[in-house]
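To keep things clear, I will list the structure first and then write my remarks on it.
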2 protein chains.
Amino acid sequence: MRAMAAPGLASARRHLRNEPMIENRPGSVSAELIAVLVAVTAGTPRVLTIAEGTSLPSGPLSPEHRSLQAGTRSWVERQTHHPLGYVEQLYTFADNDRNAALGGFGRAISISYLALTREQPKTLDGGASWRNWYDYFPWEDHRQGADLPAPLPAALRAWAQAGASPAERRARKQRAAIAFGLEGRRWNEELVLQRYELLYEAGLVSEAARDGIACHTTPAPRLGHAMRQDHRRILATGIARLRAKITYRPVVFELMPPSFTLLDLQRSVEALAGQLLHKQNFRRLVEQQALVEETGQMAGATGGRPAKLFRFRADILQERAYAGTKPPLPRA
Amino acid sequence: MRAMAAPGLASARRHLRNEPMIENRPGSVSAELIAVLVAVTAGTPRVLTIAEGTSLPSGPLSPEHRSLQAGTRSWVERQTHHPLGYVEQLYTFADNDRNAALGGFGRAISISYLALTREQPKTLDGGASWRNWYDYFPWEDHRQGADLPAPLPAALRAWAQAGASPAERRARKQRAAIAFGLEGRRWNEELVLQRYELLYEAGLVSEAARDGIACHTTPAPRLGHAMRQDHRRILATGIARLRAKITYRPVVFELMPPSFTLLDLQRSVEALAGQLLHKQNFRRLVEQQALVEETGQMAGATGGRPAKLFRFRADILQERAYAGTKPPLPRA
DNA sequence: CCTATTTATGCTCAATTTGAGCATTACTGG
DNA sequence: CCAGTAATGCTCAAATTGAGCATAAATAGG
């Protein structure tokens with residue numbers, strides 16, 4: 001054991017002494033940047049895709065990029081022709097399966113970013129399109145009733161029953177209950193990734209079939225639109241991160257137009273969270289946090305009493321973006 | 001603009017069609033894994049270092065690693081000779097400055113991980129050592145009074161005053177106030193990275209001097225121990241993440257021995273948070289969350305009334321680790 | 001044995017925060 | 001004028017949080 005420890009430390013120290021590594025370039029990989037670019041348009045959360053909605057936009061990391069974030073920013077801006085408001089690193093994946101895809105050039109690393117914008121008309125390059133993210137995750141939208149898509153409850157039961165041992169069956173059952181808010185538990189909108197991964201393991205999404213994972217329901221349900229590689233998993237990661245983020249940091253603002261009504265703002269938050277919020281409490285929260293101020297103008301035809309228009313307060317926003325807000329923005 | 005957009009999309013699509021990229025291997029980098037390995041021993045939060053405490057352990061990503069996390073796990077375990085409880089990806093950095101350090105092999109990517117363990121006696125390889133993390137961030141420990149290290153308040157004022165324009169001076173002042181809880185604001189223990197970055201920009205840490213950043217205080221204070229490259233920034237990222245995490249996920253448990261008193265547990269949380277907690281409220285929280293159960297035994301000489309020993313409840317723990325806890329664990 | 005000291009543990013209380021709902025106001029379209 | 005639809009103002013009870021008082025059970029020293 002002791003002897004085995006040496007190589008790791010040794011090469012770490014070589015780094016530190018600025019000596020180049022000779023031994024066949026260990027750690028050499030190719031790197032690509034993948035973006036989960038989100039906008040909310042007309043109350044629908046949308047994500048930028050390419051290849052008929054089957055891929056997230058991605059591009060190789062290039063030497064001229066000053067930094068990873070700058071790289072992401074630069075080529076996403078090239079594609080969408082407008083600046084990104086908010087960019088945040090999501091996760092880094094290394095996929096051994098991609099060796100083949102890269103012509104034997106060693107392993108590939110994908111560094112994914114979450115970015116927020118407003119959708120601009122007619123700026124997309126051919127092939128790119130905005131898609132409702134609930135096309136990929138229909139079970140995540142609880143704005144119209146909390147019912148899961150039809151085949152899900154039975155399919156989850158079948159999966160739990162297919163466990164090899166009683167202990168595994170119990171564990172599966174509990175896991176499904178937590179993830180999907182079954183058995184009297186409440187739905188937790190932040191468990192997007194956990195739900196996707198469970199469905200993958202249970203063979204209920206096409207990617208699982210593609211990767212040779214069995215399903216215990218016939219005919220096998222294939223929930224939501226599939227994506228190539230693990231892009232849907234990355235999208236799930238992005239959605240989960242965004243849902244968590246809006247509860248403690250005022251990032252919704254990046255998704256809103258310069259002025260908006262409080263209901264507009266609420267609808268956007270609801271679109272992201274996939275859940276409806278209590279209107280009066282939402283207002284109370286927003287107002288008490290003093291994140292917005294009246295523009296003095298009123299919104300046109302809302303269908304009822306006209307609403308005041310608001311804008312964000314730049315000063316407060318900066319502070320909150322930096323330090324976060326104490327009281328959460330939404331809450332089921 | 002349109003024309004420029006093509007390359008990004010084109011190479012993204014090439015990925016998707018499984019075509020190898022020819023053009024001089026764009027995106028080829030070397031990758032290393034860096035670990036922020038944390039333990040809490042005798043009420044002190046400690047981090048594993050190498051090279052006399054000036055570096056975090058790091059090693060190249062190697063082809064035999066199944067995944068990034070497995071890679072981190074494997075060589076950290078080799079060095080410390082015991083299994084890691086919890087491993088979580090922290091952040092991925094690409095540093096152009098490292099080109100030289102790698103002998104012109106192109107850019108280097110560092111993928112950092114946060115890992116939690118208990119310190120085991122005598123298992124370290126030569127050169128590695130556990131260090132109190134407050135050696136690197138003395139301003140982060142508020143357990144004995146909330147006073148900042150002596151030169152800080154004046155140095156922060158000097159930095160704010162050195163802003164080029166009135167607007168910049170105001171912005172700097174506000175930023176310092178938010179980060180360090182000045183001007184009647186409360187200290188936010190999660191802003192570890194923001195504070196380190198501010199001190200770096202203000203020239204108040206050695207790394208800034210190394211990188212040629214000016215300081216507006218003489219003699220220039222050099223707060224805390226320095227580390228090589230950007231390892232101190234990575235450590236700050238890890239501490240910030242851990243401080244945030246313990247408020248909504250029961251990760252402290254990875255740092256505790258099999259049985260412990262409630263005060264032991266509280267001291268560990270306090271060590272991480274850098275702040276003291278109200279004892280009775282801490283108990284109330286832990287008990288109400290039902291995360292622990294009595295072992296039936298009592299702790300020996302505590303100096304006063306003997307305390308009950310507790311252990312974690314495996315069942316609840318699993319669930320919480322998966323879904324998170326609603327009520328936060330500590331709270332200033 | 002008695003006392004001061006130290007820590008564990010049980011319990012109370014007021015201030016906030018949260019979740020939910022009622023009531024009123026101000027528009028639009030018949 | 002009336003019905004329908006939102007916006008907006010307010011109230012209320014439950015739950016959570018922050019702080020402190022009181023008591024119990026040990027140890028060390030006289």
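The chains referred to below are lettered A, B, ... by the order of the sequence lines, with proteins before strands, and numbering in each begins at 1. Because the structure is a prediction, the values reported are computed rather than measured.
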Using a 4.0 Å heavy-atom cut-off to protein, can you give one letter per nucleotide of nucleotides 24-30 of chain D, 5' to 3': B if the base is in contact, S if only the sugar-phosphate is, - if neither? BBS----
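- Summarising the geometry, the separation between CG on A:Leu265 and C1' on D:dT8 is reported as 16 Å, rounded to the nearest angstrom.
- Closest-nucleotide positions on DNA chain C for A:Asn281 and B:Asn281 were compared, and the one nearer the 5' end corresponds to B:Asn281.
- Note on residues 252-262 of chain A: pairs passing side chain to side chain donor-acceptor pair (under 3.5 Å), not counting sequence neighbours, are A:Thr261-A:Asp264.
- Here C:dT16 presents its P atom at 17 Å from CD of A:Gln289, a figure rounded to the nearest Å.
- Of the candidate nucleotides C:dT9, C:dG21, D:dA19, C:dT9 has the atom nearest to the side chain of B:Arg283.
- Comparing C:dA8, D:dG20, C:dT18 against the side chain of A:Arg284 picks out C:dT18 as the nearest.
- Straight-line distance from the NE2 atom of B:His278 to the P atom of C:dT9: 15 Å, rounded to whole Å.
- Residue pairs meeting the side chain to side chain donor-acceptor pair (under 3.5 Å) criterion with at least one member in residues 143-157 of chain A, sequence neighbours excluded: A:Asp141-A:Arg143.
- Sorted by first and then second residue, the pairs that involve residues 300-320 of chain B and meet ring-ring contact (aromatic ring centres under 6.0 Å, His included), not counting sequence neighbours, are B:Phe253-B:Phe312, B:Phe260-B:Phe312.
- Among the heavy atoms of the strands lying under 4.0 Å from A:Leu263 are primed sugar atoms or P, OP1, OP2 only; no base atom is included.
- Side-chain contact between A:Arg185 and A:Gln174 is present, with heavy atoms from C-beta onward closer than 4.5 Å.
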Return all side-chain donor-acceptor pairs below 3.5 angstrom for residues 290-300 of chain B, not counting sequence neighbours, or 'none' if the list is empty.
residue: B:Glu293; atom: OE2; partner: B:Arg311; partner atom: NH1; Å: 3.0
residue: B:Glu294; atom: OE2; partner: B:Lys308; partner atom: NZ; Å: 3.3
residue: B:Thr295; atom: OG1; partner: B:Gln297; partner atom: N; Å: 3.1
residue: B:Thr295; atom: OG1; partner: B:Leu309; partner atom: O; Å: 3.3

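- Taking atom CZ on B:Phe282 and atom C1' on D:dT16, their separation rounds to 17 Å, with Å as the unit.
- Of all nucleotides listed (C:dG21, C:dG10, D:dA7), C:dG10 comes nearest to the side chain of B:Lys308.
- What separates CD of A:Gln266 from P of D:dA6 is a distance of 12 Å, to the nearest Å.
- For the side chain to side chain contact (heavy atoms under 4.5 Å, CB included) test, residues two or more places apart in sequence or in another chain that qualify with A:Ala160 are A:Arg172, A:Lys173.
- D:dT23 atom C1' lies 12 Å from atom CD of B:Gln280, rounded to whole Å.
- Atom CD in A:Gln288 sits about 12 Å away from atom P in C:dT16, given to the nearest Å.
- Here C:dT9 presents its C1' atom at 16 Å from CG of B:Leu285, a figure rounded to the nearest Å.
- Closest non-hydrogen pair, B:Leu255 versus B:Thr117, comes out as CD2-O, 3.4 Å.
- For D:dA6, the OP1/OP2 oxygens have no side-chain nitrogen or oxygen of A:Lys279 closer than 4.0 Å.
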